[in-house]
Peer 1: 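The structure that follows is given in the form of structure tokens.
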Amino acid sequence: MKPSSSTSEHSARSLWGPLFTDPDVEAEICDRAWLRAMLDFERALAIVQARAGLVPEEAARMVVTAIDVGHYDPVALGEGALISGTPVVPLVRAISAHVTPEGRAAVHNGATSQDVLDTAMSLVAHRALGPLLAGLRGVAAECERLAERHRDTLIAGRTLAQHALPTTFGLKCAGWLVAVDEAEHALVRVRAHRLAVQFGGAAGTLAAVADPGARLTDELAAELGLVAPLVPWHTNRTRVAELAGALGEAAGVLGKIAQDVVLLAQTEVAEVAEADGGTSSAMPHKRNPVRAVLVTACARRVPGLVSTLLSGMAQEHERAAGAWHGEWQTVTELLRLVGGAVRGTRELLARLRVDTARMRRNLELTGGLLMAENVAVRLAAAVGRAEAQDLVAEVCRTAVGSGRTLREALLADLRIGLTEKEVDDALDPAGYVGSAGEFVDRALAAHRGRGRP
């Protein structure tokens with residue numbers, strides 16, 4: 001069975017691949033990566049069974065020698081899978097063809113197709129999460145840099161897409177940083193503690209290998225560098241659900257960053273911009289936030305995939321009829337999209353241009369109205385909170401209706417009772433960012449205090 005090119009293996013070089021993938025992640029999830037993971041299971045199975053005396057050592061050596069990814073063709077295995085519903089059956093036959101009849105005793109002994117594919121899925125996810133997590137730490141480093149640099153850079157805080165109160169761009173970036181760190185932590189936990197070997201045999205009892213069966217599971221896990229489960233998890237898909245959830249969380253975090261950039265890069269806002277790219281086929285003047293757009297596209301495709309995996313958790317008895325089969329490509333695409341989102345976000349933030357002067361000018365767009373809360377706070381001591389709120393709200397309406405600034409309206413209203421200096425102090429955005437700086441410092445300290453995996 002000679003190898004041939006695989007379309008998924010080269011997806012990073014396909015029409016869509018460069019837009020939505022990361023080459024390092026792609027190398028760990030392509031068809032040949034899945035094949036390697038399946039072969040790794042068969043190799044490890046032969047090795048641990050030879051140690052336990054279940055198969056002859058010479059037979060196991062033949063299996064180990066026969067297991068070379070270059071000997072097998074993923075496309076042919078896929079075509080052969082149509083008969084059995086999984087590529088494992090044709091793979092086992094292909095391995096058996098590479099060994100003598102004596103060696104076949106060590107091929108796939110006591111295992112079932114789901115053991116191979118579930119373990120392969122754990123291996124693929126474990127390996128793909130290596131570069132994915134490295135990229136996510138790169139995203140965190142960019143958030144850290146921006147948060148530190150712009151700790152005190154004033155920007156309009158926006159709620160329901162409208163100016164709310166002044167905040168700092170550093171605090172916005174610190175919020176990104178904390179979320180990225182939390183998403184990374186969830187993925188690290190899944191990788192270290194939830195990606196497990198699968199070895200239960202035909203119905204989860206390992207009857208075919210008798211007494212050493214449970215111990216073999218532990219040894220197989222050690223050989224492959226995976227977690228050893230308490231019992232076979234053929235129809236307990238909590239591990240898959242946790243992987244899906246952690247990947248979905250990461251995608252959501254990256255999607256939020258990308259959406260913030262898209263909004264801040266709008267022509268009318270123009271507080272940030274991507275340093276390069278962004279061309280249009282029709283409008284020469286355009287400078288689109290293309291990396292943020294592509295990250296958004298990745299992130300928006302993820303929830304449906306997560307939902308697919310969660311919907312497959314209710315499975316029949318000891319082997320699912322379809323739900324398990326629906327996981328293989330779904331997990332692969334999840335890893336692909338989140339890997340692409342990580343790569344895109346890292347590049348986006350590394351090349352992000354921040355216009356601090358525009359941020360400051362935008363604070364003045366509403367003529368001081370976003371400082372109305374501070375004015376009410378200062379008046380509350382004299383007239384009470386409710387009365388101060390009502391009075392300032394009335395003055396704001398007057399300012400908007402007359403086209404004046406809030407400063408002008410406040411100074412013209414005799415009921416306000418604040419001096420000109422007091423009004424100016426109340427309308428200074430720099431004096432009303434609360435604990436923004438301290439929050440940034442806390443986020444930076446927490447990030448820097450984390451043990452890096």
Side-chain angles (χ1 to χ4, degrees), residues 16-26 131-147 149-150 155-161 167 169-184 186-187 245-280 286-306 333-355 358-359 443 447:
W16 308 114
L19 299 177
F20 304 115
T21 63
D22 174 80
D24 294 332
V25 174
E26 186 65 31
L132 194 154
L133 283 166
L136 203 55
R137 289 191 285 274
V139 172
E142 295 299 336
C143 293
E144 175 189 17
R145 176 183 62 81
L146 289 168
R149 181 173 182 177
H150 295 285
I155 189 174
R158 296 168 172 97
T159 61
L160 303 185
T167 181
F169 187 59
L171 182 56
K172 184 183 290 286
C173 297
W176 297 345
L177 174 62
V178 171
V180 170
D181 278 346
E182 290 170 346
E184 181 206 347
L187 284 169
L247 288 168
E249 179 182 329
V253 167
L254 300 172
K256 189 280 189 287
I257 295 174
Q259 184 158 290
D260 277 353
V261 171
V262 167
L263 293 172
L264 293 174
Q266 290 180 103
T267 303
E268 296 84 353
V269 180
E271 293 176 350
V272 304
E274 294 189 15
D276 51 16
T279 58
S280 165
K286 292 297 291 294
R287 189 178 173 191
N288 298 318
V290 291
R291 285 184 180 81
V293 167
L294 292 174
V295 171
T296 299
C298 287
R300 292 194 178 221
R301 291 167 62 190
V302 165
L305 297 170
V306 174
E333 190 66 6
L334 259 180
L335 290 164
R336 175 175 289 122
L337 289 171
V338 177
V342 168
R343 178 193 182 195
T345 306
R346 186 176 186 177
E347 293 176 351
L348 164 67
L349 295 180
R351 301 171 184 173
L352 192 68
R353 290 182 179 173
V354 180
D355 190 337
R358 183 60 179 252
M359 289 176 176
H447 172 74

Peer 1: How long is the straight-line distance from CG of L337 back to CG of D22, given to the nearest 0.5 Å?
Peer 2: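 Between D22 CG and L337 CG, I get 12.0 Å after rounding to 0.5 Å.
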
Peer 1: So which atom in V302 and which in V338 form the shortest heavy-atom distance, rounded to 0.1 Å?
Peer 2: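 Shortest heavy-atom contact: CG2-CG2, 4.1 Å.
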
Peer 1: Check the surroundings of atom CZ in R351: do more than 12 heavy atoms from other residues, nucleotides or ligands lie under 6.0 Å from it?
Peer 2: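 Yes, the 6.0 Å shell around CZ holds more than 12 heavy atoms from other groups.
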
Peer 1: So for atom CD, which belongs to E333, do other residues, nucleotides or ligands contribute more than 12 heavy atoms lying within a distance under 6.0 Å?
Peer 2: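 It does: E333 CD has more than 12 such atoms within range.
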
Peer 1: Taking the side chain from R137 and the backbone from E184, do they hold a donor-acceptor pair closer than 3.5 Å?
Peer 2: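 It does not hold such a pair.
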
Peer 1: How close do V262 and A292 get, counting heavy atoms only, and between which atoms?
Peer 2: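 Of all heavy-atom pairs spanning V262 and A292, the closest is CG2-CB, 3.7 Å.
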
Peer 1: Can you tell me how far the CG atom of D24 sits from the CZ atom of R343, to the nearest 0.5 Å?
Peer 2: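 The distance works out to 8.5 Å.
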
Peer 1: Apply side-chain contact (heavy atoms from CB on, under 4.5 Å) to V306 and L334, showing your working.
Peer 2: CA-CA 8 Å; V306 174; L334 259 180; 4.0 Å; yes

Peer 1: Distance check, rounded to the nearest 0.5 Å: R291 atom CZ versus E347 atom CD?
Peer 2: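 The CZ atom of R291 sits 5.5 Å away from the CD atom of E347.
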
Peer 1: When rounded to the nearest 0.5 angstrom, what distance separates CG in L136 from CG in L254?
Peer 2: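 Between L136 CG and L254 CG, I get 6.0 Å after rounding to 0.5 Å.
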
Peer 1: Rounded to the nearest 0.5 Å, what separation is found between the CD1 atom of I257 and the CZ atom of R346?
Peer 2: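 Those atoms lie 13.0 Å apart.
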
Peer 1: Does Q266 reach the main-chain N or O of L263 with its side chain, forming a donor-acceptor pair under 3.5 Å?
Peer 2: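 The answer is yes, because a donor-acceptor pair under 3.5 Å joins these two groups.
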
Peer 1: Would you name the heavy atoms of A183 and A250 that are closest together and state the gap between them?
Peer 2: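 Smallest interatomic distance, heavy atoms only, reads CB-CA, 3.8 Å.
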
